[in-house]
Amino acid sequence: SHGVAGEEFGGGGDSEWRWYLDPIDGTANYVRGVPVWATLIALRQGDEPVCAVVSAPALHQRWWAERGEGAHSRVVGRIQVSGVAALEDAYLSTTDARDLDGLGLGDAYRALNARCHDTRAFGDFWSHMLVAEGVIDIAVEPVAVAWDLAAPQLIVEEAGGRFTDFSGRRRIDSGSALSTNALLHDAALQHLSGARPGS
């Protein structure tokens, strides 16, 4: 049998197969009329993602992935992360930097921000999809739940990126998410963990 996890459904029980649903990721945007919101759907078998869809109708965009089959978007087709290898050349995005202050990570984030070439605040699912497309290189989401992250995780990974929590664990249930083009992941983690880069 299949469990269903989501804000409206609870944690989904302990089924081996579990759907993760978020009908509107970016609710505040939706309410205000900002077109950056999406429906997130993912299927996982145990801890492993199987397939995922992120549909953003107001952006006229959809992304999807199947394990082992790559990541795709309606506009671009097959997508892949960037080849940017230095923080100094990287584009960074976060949902709301103030959330990092609330977690005691404000200084760590500002240090990462200072190293990067440029910073934007695309937020929520969109930051991760832009990482998957290779448009930006690092997305930091300090406050999130499993159904926010299940679909973006697989799409980023199938595009060649890495998707972990701030401790570097490949998890979607620990409350935070870092997605990168993989090349920059360890350097970004060092900043967010408070370690000195290069140490």
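In this structure, the side-chain contact (heavy atoms from CB on, under 4.5 Å) partners of S73, at least two apart in sequence or on a different chain, are Q61, W63, V75, V76, I79, E133. When the ring pair (Phe, Tyr, Trp, His ring centres under 6.0 Å) test is applied to F122, the partners found at least two apart in sequence or on another chain are W126. Contacts of C51 classified as side-chain contact (heavy atoms from CB on, under 4.5 Å), with partners at least two apart in sequence or in another chain: L43.
In this structure, CD on E141 lies 6.0 Å from CG on D148, to the nearest 0.5 angstrom. How far CG of D89 is from CZ of R115: 11.0 Å, rounded to the nearest 0.5 Å. Note: L149 CG to F125 CZ = 13.5 Å, rounded to the nearest 0.5 Å. Here the CG-CD1 distance, from L87 to I138, works out to 5.0 Å after rounding to the nearest 0.5 Å. Rounding to the nearest 0.5 Å gives a distance of 4.5 Å between CG of D25 and CG of D124. Rounding to the nearest 0.5 angstrom, the gap separating the OG atom in S167 from the CG atom in L192 is 10.0 Å.
The pair D47-R18 does not count as a salt bridge, with every side-chain nitrogen at least 4.0 angstrom from each carboxylate oxygen. In this structure, E158 does not pair ionically with R78, as no charged nitrogen and carboxylate oxygen lie closer than 4.0 Å. Here D107 pairs with R110 in a salt bridge; the nearest charged N to carboxylate O distance falls below 4.0 Å. The residues E157 and R170 are annotated as salt-bridged, a charged nitrogen and a carboxylate oxygen being separated by less than 4.0 angstrom.
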Under the side-chain contact (heavy atoms from CB on, under 4.5 Å) rule, what do R44 and E16 come out as? Steps first, then yes or no, please. CA-CA 8 Å; R44 293 170 71 90; E16 179 187 6; over 6 Å; no
Run the side-chain contact (heavy atoms from CB on, under 4.5 Å) check on H185 and L178 step by step: do they pass? CA-CA 8 Å; H185 207 85; L178 172 68; 3.7 Å; yes
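Y20 and V156 fall within the same hydrophobic cluster, defined by Ile, Leu, Val, Met, Phe, Trp and Tyr side-chain heavy atoms under 4.5 Å apart, directly or through other members. Hydrophobic clustering (side-chain heavy atoms under 4.5 Å, transitive across Ile, Leu, Val, Met, Phe, Trp, Tyr) groups V135 together with M129. Under the 4.5 Å side-chain heavy-atom criterion for grouping Ile, Leu, Val, Met, Phe, Trp and Tyr, L112 is connected to L100 within one hydrophobic cluster. Cluster annotation: L40 is connected to L130 through the hydrophobic network of ILVMFWY side chains, with a link wherever side-chain heavy atoms come within less than 4.5 Å. Residues V36 and V53 fall into different hydrophobic clusters, defined by Ile, Leu, Val, Met, Phe, Trp and Tyr side chains chained together at heavy-atom separations under 4.5 Å.
The backbone N or O of T39 sits nowhere less than 3.5 Å from a side-chain atom of S55 that would complete a donor-acceptor pair. The backbone N or O of W37 sits nowhere less than 3.5 Å from a side-chain atom of N29 that would complete a donor-acceptor pair. Without hydrogens or angle criteria, R74 side chain to H60 main chain gives a donor-acceptor distance under 3.5 Å. In this structure a side-chain-to-backbone donor-acceptor pair under 3.5 Å is missing from T119 to L92.
Summarising the geometry of V140 relative to P142, their closest heavy-atom pair is O-CD, 3.6 Å, with the distance given to 0.1 Å. The two residues P35 and A58 come nearest to each other via the heavy atoms O-CB, 3.5 Å. Contact between A71 and A159 at its shortest, heavy atoms only, is CB-N, 3.8 Å. What you find for A42 and A151 is that their closest heavy atoms are CB-N, 3.6 Å. Closest heavy-atom contact between P49 and R67: O-NH1, 3.2 Å. A150 and I172 get closest at one heavy-atom pair: CB-CD1, 3.7 Å.
Taking the six-membered ring where tryptophan is involved, the planes of H117 and Y91 are tilted, since the angle between them lies from 30° to 60°.
Contact check for P152 versus F163: side-chain heavy atoms found under the 4.5 Å cut-off. Contact annotation: the side chain of T95 never approaches that of V143 to less than 4.5 Å [non-hydrogen atoms, C-beta and beyond]. No side-chain heavy atom of V54 sits less than 4.5 Å from a side-chain heavy atom of R62. The side-chain heavy atoms of L189 and T164, taken from C-beta on, include a pair separated by under 4.5 Å. Taking 4.5 Å as the limit, some side-chain heavy atom of T94 sits within range of a side-chain heavy atom of Y109. At least one side-chain heavy atom of V31 sits less than 4.5 Å from a side-chain heavy atom of T27. In this structure, the side chains of T180 and D137 stay at 4.5 Å or more apart for every pair of heavy atoms. Between W19 and I41, the closest side-chain pair of non-hydrogen atoms falls below 4.5 Å.
Counting only N and O atoms by type, the side chains of S82 and N181 include a donor and acceptor under 3.5 Å apart. Between Q153 and R162, the side chains place no donor N or O within less than 3.5 Å of an acceptor N or O (distance only, hydrogens not considered).
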